[in-house]
Structure formats: C-alpha cells, structure tokens
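Below is one structure, written out as structure tokens; comments come after it.
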Amino acid sequence: LGSSYRHAPLWLLRLEACVWVTWAVGHPASLAAGGAIFVTSSKAWLLLRISGTRWIGNTASLQQKSGGSASVAGGALYVSAYVNCQINSTTFLRNTATALPPSGTYTTPDSGVTAGALSAQDCPVTLSRVSFIENVASDSSVNSAASLGGVSGGAVEINQWTAAYSVVVSDCTFTSNYVRAMGIAKSGALQITWMASVRVTRSAFVNNYVNVTASSSKLDGAGGAMRYLGSGLTLSHSTFRGNRILGLARSSSATSAQLQG
C-alpha cells in the first residue's frame, strides 16, 4: 500500500473462493449500501482480504419519497472506516446501485448514487487482477440534476478523506460499465476522490460510458471511463478504448478520463 500507510491491522477477515449471486439490500428512506456484504470496523483496524471470488447480479437500491437525506452505494460490496481492503483475482459482474422512484413525489438521494459494484469510504484499497464487467450505477428520478452528489462510479467509487491512505489498481479490467442519470452523471467505470496517493497501472478501460438521459440546465457528464479528483495520481501502462459520454449532457468533458488536481 505504499510507505504512507502506517497502520498495523489488528484483525483479519479473509474471503476466498466464494460466490455471491443476486443478493440485495434496500431501504425506503436513508441508506442502501453493500448489496451482498457491508464491512466496517470501529477503531480497531481490520485487514480484509478477498481472493478468487465472484460477485454476480447483486443490488443496492433505494426508493425515497420527498424530503430527507439518503444515499446508495456499492451494489455488491461496501467497505468503510478502519478497513484495509485488498482484493485480487476476483470478478464483479452485472451488479447495480440504483435509485428507483415510487409513485408520487420523489427526491434524488442528497449524497448521490455511487458504485455499481464496489464502494470504499475512507480506507486504503488495493485491487489486483480484478475484472469489473457490466456494472451499473443509475438514477431514474426526474430530479437527479438537483442532486448534490449525482450518480458516479459505474463499477467502483473510492472516496478518501485521509491523505495517509493509498489506492493501488493494477492489472485490472473495466469493461462495459456505465452510469445513467437524468441529470448529473460521471465516471462510467472508476471514480476516486480526495486521495493524495493513487496508482493505476497495467489496467484496461474498454467500452465504459456515461449516459445523461434528460434535458436540464444542470446537466453534467464527465469521465466516460475514469474520474479522479486529487493531486497524487500515477497512471501508467494502461489502455483506454471505446469509452464514451452519451445523451443530452450540456457540459460534457473528458470522454475517457477526467483528472482534476
């Protein structure tokens, strides 16, 4: 994880040669996270090692009526706080994070819809030889343009608030993942925000896309494959091919990758 990672794990959780198929989590009002598994720790560091697993068709979904604050994250897996997440030789296929409007008034989750497959919040992450295929983050609300967070990270969203942590993505493939929204939609495959040390190497981003599906003055689409907000990205020996921004976005940018420091 690099020299900046200085916290020794106290506990170990190992998931090996497992398959999670069509698990689901939902909530009528506030938080839907980790369609198959939700992992967090309180103060004591947990080393999470996932190897040789498959995550297929899992879903995190939310139906929210008007008012309140809510979010959807991690269609298959959600990790946060004091978890050192290491995943290798694993496949995430057709997992979904989605906000679905019921009949009546609907307000998009204030914190957004993120990560069709994997959501990691404020913890170090290492991905090695992981395949992300046809994962989706979506919001079908007509009000999604007003959302504070929008929809992002068709496959993966890593949101870091601690500069000491690092993210490593090596020998991974991101294929045909996408984000769809009727307003703000960004990063068809991979989104990483506010992290000082990020390394992406020997990875491929192919045919990922962002699709903005409604007309509004607040439309925005960016990063057909990848979006990074921060100042410490190293990107090497990686391929970007066939990534796109589709639909009606007025201010679309960075068809393959949007990188902001």
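What's counted below: heavy atoms across the whole structure, side chains too, no hydrogens, waters or symmetry copies.
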Evaluate the side chain to side chain contact (heavy atoms under 4.5 Å, CB included) criterion for residues Asn207 and Tyr209: first the C-alpha distance (whole Å), next the side-chain angles of each, then the deciding distance (0.1 Å), finally the verdict. CA-CA 6 Å; Asn207 294 335; Tyr209 65 92; over 6 Å; no
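- For the residue pair Ser170/Thr201, the side-chain donor-acceptor check at 3.5 Å is not satisfied.
- Both Val79 and Trp23 belong to a common hydrophobic cluster when Ile, Leu, Val, Met, Phe, Trp and Tyr are linked at side-chain heavy-atom distances under 4.5 angstrom.
- There is a side-chain donor-acceptor pair under 3.5 Å between Asn159 and Thr193.
- When all heavy atoms are compared, the tightest approach of Gly224 to Val210 is CA-CG2, 4.2 Å.
- Counting heavy atoms from C-beta outward, Ile50 and Leu77 have side chains that approach closer than 4.5 Å.
- Rounding to the nearest 0.5 angstrom, the gap separating the CH2 atom in Trp55 from the OG1 atom in Thr22 is 13.5 Å.
- Nearest heavy-atom pair across Asn95 and Ala117 is CB-CA, 4.2 Å.
- Ring pair Phe132/Phe174 is parallel by interplanar angle, where below 30° counts as parallel and above 60° as perpendicular.
- Interatomic distance, CG of Asn177 versus CD1 of Ile133, reported as 8.0 Å (0.5 Å rounding).
- Salt-bridge check for Arg129 with Asp171: failed, with every basic side-chain N at 4.0 Å or more from each acidic carboxylate O.
- We find the CG-SG distance between Leu48 and Cys85 to be 5.0 Å, quoted to the nearest 0.5 Å.
- Counting only heavy atoms from C-beta outward, the side chains of Thr173 and Val206 never approach each other to under 4.5 Å.
- When every heavy atom of Ser152 is checked against every heavy atom of Ala137, the shortest pair comes out as O-CB, 3.9 Å.
- Rounded to the nearest 0.5 angstrom, Gln86 CD and Arg49 CZ are separated by 5.0 Å.
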Evaluate side chain to side chain contact (heavy atoms under 4.5 Å, CB included) for Leu190 paired with Phe205, printing each intermediate quantity in order. CA-CA 9 Å; Leu190 172 63; Phe205 298 79; 4.0 Å; yes
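- The structure places OG of Ser131 at 12.0 Å from CZ of Arg54, a figure rounded to the nearest 0.5 Å.
- Atom CZ of Phe38 is surrounded by more than 12 heavy atoms from other residues, nucleotides or ligands within 6.0 Å.
- Remark: side-chain polar atoms of Thr98 are not paired, donor with acceptor, to backbone N or O of Thr96 under 3.5 angstrom.
- Placement of Tyr78 and Val21 in two distinct hydrophobic clusters is found when ILVMFWY residues are connected by side-chain heavy-atom separations under 4.5 Å, directly or transitively.
- You'll find the side chain of Phe92 reaches within 4.5 Å of the side chain of Val130, heavy atoms only.
- Ser80 places no side-chain N or O within 3.5 Å of a backbone atom of Gln121 that could act as its donor or acceptor partner.
- Remark: side-chain polar atoms of Asn88 are not paired, donor with acceptor, to backbone N or O of Ser128 under 3.5 angstrom.
- Between Ile87 and Thr126 the shortest side-chain heavy-atom distance does not fall below 4.5 Å.
- By the criterion of side-chain heavy atoms lying less than 4.5 angstrom apart, applied directly or through intervening Ile, Leu, Val, Met, Phe, Trp or Tyr residues, Leu235 is grouped together with Val156 in one hydrophobic cluster.
- The heavy-atom pair separating Ala32 from Ser61 by the smallest distance is CB-O, 3.1 Å.
- Asn135 places no side-chain N or O within donor-acceptor distance of the main-chain N or O of Ala115, the cut-off being under 3.5 Å.
- Taking the side chain as every heavy atom from C-beta outward, Val72 and Thr114 never approach each other to under 4.5 Å.
- Heavy-atom minimum distance, Asn208 versus Ala225: CB-CA, 4.1 Å.
- For the atom pair CE of Met226 and OG of Ser187, the computed distance is 10.0 Å after rounding to the nearest 0.5 Å.
- When the side chains of ILVMFWY residues are joined at heavy-atom separations under 4.5 Å, either directly or via intervening members, Leu118 and Val169 end up in a single hydrophobic cluster.
- The closest side-chain heavy-atom distance from Ile37 to Trp20 is below 4.5 Å.
- Residue Val83 comes nearest to Cys123 through the heavy atom pair O-CB, 2.8 Å, listed as atom of the first residue, atom of the second, then distance.
- A donor-acceptor contact shorter than 3.5 Å links the side chain of Ser238 to the backbone of Ser203.
- Proximity of Leu127 to Val167: side-chain heavy atoms (C-beta onward) are nowhere separated by under 4.5 Å.
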